[in-house]
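These notes concern the structure reproduced below.
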Amino acid sequence: MTSTNQTSATNPGHAPSWYAHSANDKRVRESLKGEHTADVCVIGAGFTGISAALQLAENGFKVIVVEGERIGFGASGRNGGQIVNGYSRDLEVIARRYGPDKAAKLGAMSLEGGNIIRERVAKYGIQCDLVDGGFFAAFTDKQVREMAHVRANWEKHGHTGLEMVSKAEVGKYVKADRYVGGMIDRFGGHIHPLNLVLGEAAAFESLGGQVFEKSRVTGLDMGANPVVRTAEGSVKAKYVLVCGNAYLGTMLPKITDKMMPVSSQVMATEQLDPKLIEELLPANYCVEDANYVLDYYRRTADNRLLYGGGIGYGGQDPANLTGVIRPNMLKTFPQLANAKIEFAWSGNFALTLTRIPHIGKLADNVYFSHGDSGHGVTTTHLLGKILGEAVAGHAERFDVWASLPAFPFPGGKTFRVPLTVLGAWWYGLRDKLGV
Ligand SMILES: Cc1cc2nc3c(=O)[nH]c(=O)nc-3n(C[C@H](O)[C@H](O)[C@H](O)COP(=O)(O)OP(=O)(O)OC[C@H]3O[C@@H](n4cnc5c(N)ncnc54)[C@H](O)[C@@H]3O)c2cc1C
């Protein structure tokens, strides 16, 4: 069993995940040395950074991506791989808070992230085990009613892929008797996320883009031509895109005080008998449950069960990575009592107070996007594209997102984590009580 601080034995510099182990491309790119120039310099080679870089390269920009560790080192190479449409806050909440006009504009983009993934997979022949279909599992009748309500609202925004599932039909998607019903999203799905971002990075490189790995950005000089600095090199650019998300550290406090790193843990079983895994998840849809601190799981292409859950505010990992998620997996699938856990890892996503991504400008030529708040596989693809559009002079969609307010977490450095834990505890308690 692996622990958090270890890196992958077969793919150094990555977390010890099943993804790092089964990555299609294990080449280490060179690190940034000496002085470079580019139209655009992107900090961070996760989904956001690579999505923006690819969008720009496709439109003829000279782009350099500077990554502190490896491509997909952060959340993008460690997540559950679930293509979840929409945002971490439902469109109805967005309408209530920011008005129906904003909700309509965001609603019109809410399936685009998944479409971008599918288009790029097809266009560049990316091998990332793409499978269609997602299932939201409900523990209570109240959660079923909430899903039905969400579905009705989403349909108004043009999402025609949602369908309610009765208790009797749950077994078509997941063989577990914990659930009382649920909802499927035919436009959801799952992927091997590290292979997706590696494939997108390779597509970007095929268009002349450059990615430097093991090159942590330690300084950013603002100005007419901002300069990104690492220990051994620099990139002078016309534009800089900051896409470091939960791994950015304290380099840019103006934006990082509006985001909190939160960890989630994932594990993968040994390869299971194909008959058994097909029985557990017959439709090969990914599953996430409806609790506030949710479990998410799916099949892998090599017949493992990949199961995630747990949460650590402030980006703290539990001492025992499987301590919470293995018991949860066994509550869902007691059939797996004897299945060996071969991989376990943890990763950080960036949470905002509003649960809405935070996009904006630090200067006229320095843009940022972070804070997808747990549902980021699709949103990062959308927002990366939107960053690219803004640099190319089409900022209409960027402006919609940038107009949404972002707030620092209450409690300052000392109390922001305990206060958030308290809030989450309250919602977790409501889930446990089924209220
Ligand atoms: C365990 C886990 C499970 C998840 N499961 C799902 C899921 O199933 N579905 C879903 O929709 N979402 C999921 N998410 C959320 C999703 O993975 C993220 O929202 C998304 O990947 C964020 O992408 P990103 O590019 O913004 O950030 P990241 O992928 O974290 O990339 C940021 C990159 O920037 C680099 N970086 C940071 N600072 C610097 C610097 N100073 N210099 C150079 N480089 C720097 C980092 O090394 C990193 O590679 C999950 C997240 C986690 C952690």
Side-chain angles (χ1 to χ4, degrees), residues 13-15 17 19 31-32 41-53 65-88 113-114 117 134 188-191 193-194 196-197 200-201 211-220 228-231 241-252 256 259 261-267 286-288 294-298 306-312 315 317 321 325 344-351 357-359 368-381 383-384 387:
H14 277 293
S17 66
Y19 299 130
S31 63
L32 186 79
C41 179
V42 178
I43 303 174
F47 286 147
T48 307
I50 294 294
S51 177
V65 179
V66 185
E67 164 55 48
E69 300 293 339
R70 306 285 308 279
I71 295 166
F73 164 84
S76 301
R78 310 179 188 211
N79 59 60
Q82 307 216 354
I83 298 177
V84 185
N85 291 302
Y87 314 114
S88 277
I117 293 171
H190 54 98
I191 33 107
L194 182 57
L196 173 61
V197 72
E200 293 176 301
V211 185
F212 292 98
E213 291 185 312
K214 294 278 172 198
S215 307
R216 188 158 181 88
V217 174
T218 49
L220 169 57
V228 165
R229 298 192 184 281
T230 67
L241 304 180
V242 181
C243 305
N245 209 38
Y247 291 87
L248 192 59
T250 51
M251 200 180 87
L252 295 166
T256 47
M259 168 277 281
V262 174
S263 75
S264 177
Q265 289 74 48
V266 188
M267 63 185 196
C286 60
V287 181
E288 71 169 52
L294 52 90
D295 285 2
Y296 48 94
Y297 50 91
R298 64 186 184 86
L306 191 139
Y307 203 101
I311 204 148
D317 297 333
L321 289 181
I325 42 177
W345 64 95
S346 186
N348 290 348
F349 63 86
L351 183 77
H358 181 207
I359 273 206
F368 64 88
S369 172
H370 64 181
D372 301 286
S373 301
H375 277 165
V377 170
T378 56
T379 323
T380 49
H381 280 81
L383 297 180
L387 285 178

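This structure is a prediction, so every number in the text was calculated from the model and none was measured. The basis for the numbers below is simple: all heavy atoms, side chains too, and nothing from hydrogens, waters or symmetry mates. Remember, it's 1-based here, ligands and their atoms both numbered in the order they're listed.
For atom 18 (C) of ligand 1, the choice among Pro261, Gly249, Ala75 with the nearest heavy atom turns out to be Ala75. With atom 6 (C) of ligand 1 as the reference point, the heavy atom nearest to it among Val65, Asn79, Ile50 is part of Asn79. The residue among Gly13, Ser76, Gly49 with a heavy atom at the shortest distance from atom 21 (O) of ligand 1 is Ser76. Of all the listed residues (Val377, Val197, Thr256), Val377 holds the heavy atom that lies closest to atom 10 (C) of ligand 1. Considering Gly72, Ala52, Ser264 only, the shortest heavy-atom separation from atom 1 (C) of ligand 1 involves Ser264. Taking each of Ala15, Gly374, Gly80 in turn, the one with a heavy atom nearest to atom 13 (C) of ligand 1 proves to be Gly374. Considering Arg216, Glu213, Glu67 only, the shortest heavy-atom separation from atom 39 (C) of ligand 1 involves Arg216. Scanning Thr48, Ile311, Asp372 for the heavy atom closest to atom 25 (O) of ligand 1 points to Thr48.
Atoms of ligand 1 lying under 4.0 Å from at least one heavy atom of Thr380, given by number and element, are 20 (C), 22 (C), 23 (O), 26 (O). Under a 4.0 Å criterion applied to the non-hydrogen atoms of Tyr247, ligand 1 contributes the atoms 30 (O), 37 (C), 38 (N), 46 (C). Counting atoms of ligand 1 from 1 in the listed order, those under 4.0 Å from a heavy atom of Val66 are 43 (C), 44 (N). Atoms of ligand 1 lying under 4.0 Å from any heavy atom of Gly46, numbered from 1 in the order shown and given with element: 25 (O), 29 (O), 31 (O).
Under a 4.0 Å heavy-atom criterion, Ala246 is not in contact with ligand 1. Contact analysis puts Cys243 in contact with ligand 1, with a non-hydrogen atom separation below 4.0 angstrom. The closest approach between a heavy atom of His370 and any atom of ligand 1 is not below 4.0 Å.
Considering NE2 of His190 and SG of Cys286, their distance stands at 5.5 Å, rounded to 0.5 Å. Taken to the nearest 0.5 Å, the CD1 atom of Ile43 stands 5.5 Å off from the CG atom of Leu220.
For the pair Ser88 (side chain) and Asp372 (backbone), a donor-acceptor distance under 3.5 Å is present.
Neither the backbone nor the side chain of Thr218 has any atom closer than 4.0 Å to an atom of ligand 1 (non-hydrogen atoms only).
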